[in-house]
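To start, the structure itself, in structure tokens.
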Amino acid sequence: MAAQKPTLPKGTRDFGPADVQKRKYILNTIETVFKKYGFMPLETPTMENLSTLEGKYGEEGDKLLFRILDSGDYLKSLKEHNDKILSDESQDATFAPSVSGKLIDLEAKAATKFISEKGLRYDLTVPFARYVVMHRNEITFPFRRYQMQPVWRADRPQKGRYREFWQCDADVVGSDSLLNELDLIQIYDEAFDSLKIPIQIKYNNRKLLDGLSQLFGIEDKLIDMTVILDKTDKIGIDAVVEELKSIGANLDSLAKFQTVFQLPNLTTKHLNEFFSSSNEIAKKGVDEIVKIAEYLEVIYGSNNRLPITHDLALARGLSYYTGSIFEVVVNDDRCSLKSSIGGGGRYDNLTGIFGLPNVSGVGISFGLDRIYDVMEELKLFPEQLRATSTQVIFCHFDEATQLYCLPALKLLRDAGIAAEIFPDNKKLGKQLEYANALQIPFAAIAGETEMQQQVFTVKNLITGEQQSCSTQALISLVGQ
RNA sequence: GUGGUUUUAGCUCAGUUGGUUAGAGCGCCUGAUUGUGGUUCAGGAGGUCGUGGGUUCGAGCCCCAUAUUCCACCCCA
């Protein structure tokens, strides 16, 4: 039998010991900040019912859902349906069998709902909304939760885009207050500051986009408009204005918009003026932006040091946002990743679709994998991150010296020092090579002489120095 | 989903118009040094050229299919 070549599904990766340590470093940093701001942990299942997931991420999102094949005879209901169609004169063309009549020739998309009822988690926000609705009677509102788990999207992989990736979310649900936005902005700042990643937080408000569409006279094309606006970074404001023209935007408003957008210092005063003739929703959006700016000023003073800017063109694709929206990009020219490493916003009615109306939520997300890529590229990981935690390795020469090491090994571990013994009888050189490869800082060498004197020759693998130590001396040396 | 791109030793990559036995660097193994790693020197092992078909006297190289990598669009973390 030919050996089978091992492979990995497209867009997935293995994480070796060193990778995991680095990923955990990021996760721990973010989690520490989440906790400091009073957020509580939550975990939800890898899979959700498709009824929970479908229709929440827009048309595009539905296409990217990983669907799980039903277990058992999943073709049965499809067969039954097929037979019914065959016997029914007024058949639905969508499900019409092919000329050959084979089930397999049915349109795949139409057949999906007969053979799949579960899907893999697409993000952490929708499962959270589902959780809130299902547990509304146990939850004390406002509810602050964080969640760090993998999600799956059937996207085409490319730079910074994977099919399996981790998100780290913090959301507050059951509170309208903009103090929540304030917390989330500070969390972004603090977490990325701890990770030493220079960032820019961009924020905007969906209510302003609503106002924009009204000013442009294209209320019915709100989604088209947001998609176009979202491209500003990529194609520039002029191209965006052209595209907006082509979908029928009012030329006067468009000209004003272009002027306002290009102001070097867009102040709340400009915003107020620009939206003065627009609807109440947009005015409320302006008020919210003004309020957040006030909060930030109270904390950081007028010379606000936070890397945050209001971006009138920030739109974001996810359809459920209704108020504030955020996006985080890396602010460093050396960084090749241009897409965002975090994003979020307020959704006034996410739980409504699950039968719990009038609960507002706001949240942010960190993209672990992209953060990892950025830190790797900018060399931001601390050097002391090693694949193994082992501090001391015991090296020996034969059965007798091996046994001699064991009580000391136990004492070190009891003292909380990560230690191991080289398990095989190999030349000392081999044992030290192993220690060196794993970047273990200390080697405790036990030979005939050491055993007689009840000591170890302790070698510092970094400096190369070595000295004779009792077990206690070894513990205090390494424990420092 | 659309268009392009990549795949040759453990890793990073050469490989001419199709022509004997497919190469390099690094890594790995052995020894110099049987009680000392990260430096040096000497020697050695390792490849069904992504996979399956086809063209040809002959294919790593040409054709088809498929998988995979990366990139752009779309969308997004």
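Below, all heavy atoms of this structure are taken into account, side chains as well, without hydrogens, waters or symmetry copies. Just so it is clear: chains get the letters A, B, ... in the order the sequence lines come, proteins before strands, and each one is counted from 1.
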The answer to which of A:Q167 and A:E448 contacts RNA chain B further toward the 5' end, by nearest nucleotide, is A:E448
Separation of A:R161 atom CZ from B:G1 atom C1', in whole Å? 12 Å
Please state how far atom CD1 in A:I364 lies from atom P in B:A77, giving the value in whole angstrom units. 13 Å
Checking B:G37, B:C74, B:G35 against the side chain of A:L428 (C-beta onward), the nearest is B:G35
Rounding to the closest angstrom, what is the interatomic distance between B:G46 and B:U51 at atom C1'? 22 Å
Base-pairing mate for B:G43 - Watson-Crick or G-U, with both contacts under 3.5 Å: B:C29
From the set B:C75, B:C76, B:G35, return the single nucleotide nearest to any side-chain atom of A:R370. B:C76
Which part of the nucleic acid does A:G11 contact within heavy-atom distance under 4.0 Å: base, sugar-phosphate only, or nothing? sugar-phosphate
With hydrogens left out and only the distance checked, is there a donor-acceptor pair under 3.5 Å joining A:T7's side chain and the base of B:G50? no
Side-chain N or O of A:K430 versus OP1/OP2 of B:U30: is the shortest distance under 4.0 Å? yes
Base, sugar-phosphate or nothing for A:G160? Non-hydrogen atoms, less than 4.0 Å. base
Is it true that the side chains of A:S213 and A:E219 contain a donor and an acceptor less than 3.5 Å apart? no
Using a cut-off of 4.0 Å on non-hydrogen atoms, how would the nucleic acid contact of A:V328 be classed: base, sugar-phosphate, or nothing? nothing
Span that lies between the C1' atom of B:U66 and that of B:C73, in whole angstrom: 24 Å
Within the 4.5 Å heavy-atom criterion, are A:D369 and A:W166 side-chain neighbours or not? yes
How many whole angstroms separate atom CD of A:E433 from atom P of B:C28? 8 Å
Are the ring of A:F165 and the six-membered base ring of B:A77 within the stacking cut-offs of under 5.5 Å and under 30°? yes
Give one of base, sugar-phosphate or nothing for A:L461, where a contact means two heavy atoms less than 4.0 Å apart. base
Mind checking whether A:F39 and A:F34 have parallel, tilted or perpendicular rings, split at 30° and 60°? tilted
Looking for any heavy atom pair under 4.0 Å, which part of the strands does A:I462 touch: base, sugar-phosphate only, or nothing? base
Measure CD/A:E465 against P/B:U36 and give the value in whole Å, please. 19 Å
Give A:K459 one of three labels, base, sugar-phosphate or nothing, depending on what nucleic acid heavy atoms sit under 4.0 Å from its own. base
Counting only side-chain N and O atoms of A:R156, is one of them less than 4.0 Å from OP1 or OP2 of B:C70? no
Quickly work out the A:Q431 CD to B:G35 P distance and round it to whole Å. 11 Å
Where does the angle between the aromatic ring planes of A:F192 and A:Y188 fall among parallel (under 30°), tilted (30 to 60°) and perpendicular (over 60°)? parallel
Is the distance from OP1 or OP2 of B:U68 to the nearest side-chain N or O of A:K10 less than 4.0 Å? yes
Look at the side chain of A:E450 and decide which nucleotide, out of B:U36, B:G35, B:C75, has an atom nearest to it. B:G35
In whole Å, I'd like the distance from the CD atom of A:Q158 to the C1' atom of B:U68. 16 Å
Indicate whether OP1 or OP2 belonging to B:G31 is found under 4.0 Å from a side-chain N or O atom of A:K427. yes
Atom pair distance, as rounded to whole Å: NZ in A:K63 and C1' in B:G1: 6 Å
Has the side chain of A:N436 got a donor or acceptor atom sitting under 3.5 Å from an opposite partner on the base of B:G37? yes
So do A:R163 and A:R153 actually touch side chain to side chain, heavy atoms under 4.5 Å? no
Which part of the nucleic acid, if any, lies within reach of A:G447 when heavy atoms closer than 4.0 Å are counted: base, sugar-phosphate only, or nothing? base
For the residue pair A:Y57 and A:Y122, does the interplanar ring angle fall in the parallel (under 30°), tilted (30 to 60°) or perpendicular (over 60°) class? tilted
Look at the rings of A:F394 and A:F456 and say which category their plane angle falls in: under 30° parallel, 30 to 60° tilted, over 60° perpendicular. perpendicular
Regarding A:F366, tell me which of base, sugar-phosphate or nothing describes its non-hydrogen contacts under 4.0 Å with the strands shown. nothing
Of the listed nucleotides B:G37, B:G35, B:C76, the one nearest the side chain of A:I445: B:G35
Sugar-phosphate only, base, or nothing, as touched by A:G464 at under 4.0 Å among non-hydrogen atoms: base
Under 4.0 Å, heavy atoms only, any strand: does A:K426 hit a base, just the sugar-phosphate, or nothing? nothing
When the P atoms of B:A65 and B:C13 are compared, how many Å lie between them, rounded to an integer? 27 Å
Without decimals, in angstroms, what is the distance between A:E327 CD and B:C75 P? 13 Å
So what's B:U66 paired with, Watson-Crick or G-U wobble, going by both distances under 3.5 Å? B:G50
